[in-house]
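Below: one structure, written as structure tokens.
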Amino acid sequence: MKVLVATDKPFAPVAIEGIRREVEVAGFSLALLEKYSSKEQLLEAVADAEALIIRSDLIDAEVIAAAPKLKIVVRAGAGYDNVDLDAASKAGVCVMNTPGQNSNAVAELVFGLLVFAFRNFYNGSSGFELKGKRIGIHAYGNVGRNVARIAKGFGMEVAAYDAFCPAASIEADGVKALPSAEELYASCDVVSLHIPATEQTKKSIGKILLEKMPKGAVLVNTARKEVIDEEALLLFMKERPDFKYLTDILPANDAAMQEAGKGRYFSTPKKMGAQTAEANINAGIAAAQQIVDFLKNGNESFRVN
Ligand code: 3PG
């Protein structure tokens, strides 16, 4: 049985060692396709793979069709908007994610971005502290919970809104649960985005919510660019010279954002949230273990399709 790790953005070598151990101890073989430069390479590599470990790599109907032996795809990470679940289901392929395994890494990056921006991108001038500011966490999942924990360490006031998580479980963490996204955006100095990209959430962060944000507000996005209405954000950037946007997902209109938001806008060139050895080890090894358990014992925990 061939398990293929196909990652445009490679795991740390130490994570690959761990994945290899899990796969080979189970009697399977491991193949690697890292940092590939074309979809053709991916289509070729999946041709004889029974199992696939990916990150944000696009697994569409064409990739599924090119992999006739494929039984399982594990997205080593949280968001699986990059996988065509319908095509996988039709081909009888199980799709899983590894929730929670990289969430601390993403949450830590939120604060890396925030301190950087609050200190005026280290340009030598006097900036601000996070202590005493109010942070609003939009969606209280695995990353959101870690953001809350770290924010308390900074001495921030912490609030959250989640359409699905009960207010009582948010409040149990000492976090103020707000009843709507509108209230979150209106009452927080910083909003940290953690909603998944779904048909319902795509472009959901636009004019209505942005205009609610108070003077000097900061929006930090370590989730997905698809949830942002990028045209509305660009307009808002132009209209509100006090507003800052920090993101770990390069917007499609990055050049225009840089122009409009000089000194108030920053994007990592490539998504870095989950790019730590620890997150790679946790998510990569969990993915390998889930594959072994599925192929050997039929365990479908973490199935998303
Ligand atoms: C996730 O959904 O797990 C994060 O966005 C990390 O994505 P990555 O594995 O592509 O870095």
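Heads up: numbering here begins at 1 and tracks the sequence. Read the numbers this way: they start at 1 and go in the same order the structure lists the ligands and their atoms.
Against a heavy-atom cut-off of under 4.0 Å, Ser56 is close to the following atoms of ligand 1: 7 (O), 8 (P), 10 (O). With ligand atoms numbered from 1 in the order given, ligand 1 contributes 3 (O) to contacts under 4.0 Å with heavy atoms of Gly77. Those atoms of ligand 1 with a heavy atom of Gly79 less than 4.0 angstrom away are 1 (C), 2 (O), 3 (O). Within ligand 1, the atoms closer than 4.0 Å to a non-hydrogen atom of Ala274 are 6 (C), 11 (O), numbered from 1 in the order shown. Under a 4.0 Å criterion applied to the non-hydrogen atoms of Asn102, ligand 1 contributes the atoms 1 (C), 3 (O), 6 (C). Of all the atoms in ligand 1, the ones that sit under 4.0 Å from a non-hydrogen atom of Lys9 are 8 (P), 10 (O), 11 (O).
Counting protein heavy atoms only, atom 4 (C) of ligand 1 is closest to Lys271 NZ, 3.7 Å.
Classification of Glu199 and Lys202 as a salt-bridged pair holds, one side-chain N sitting under 4.0 Å from a carboxylate O. Lys215 has no carboxylate O lying under 4.0 Å from a charged side-chain N of Asp242, or vice versa, which leaves the two without a salt bridge. Between Arg55 and Asp57, no side-chain nitrogen of the basic residue sits less than 4.0 Å from a carboxylate oxygen of the acidic one, so the salt-bridge criterion is not met.
Using a 4.5 Å heavy-atom threshold, the side chains of Leu250 and Lys225 count as separate.
Within the 4.0 Å heavy-atom shell around ligand 1 one finds Arg224. Residue contacts with ligand 1 include Arg75, since one or more of its heavy atoms lies under 4.0 Å from the ligand.
At a cut-off of 3.5 Å, with distance as the only test, a side-chain donor of Asp248 or Thr268 sits close to an acceptor on the other residue.
For Tyr185 and His138, the gap between ring centers is short of 6.0 Å.
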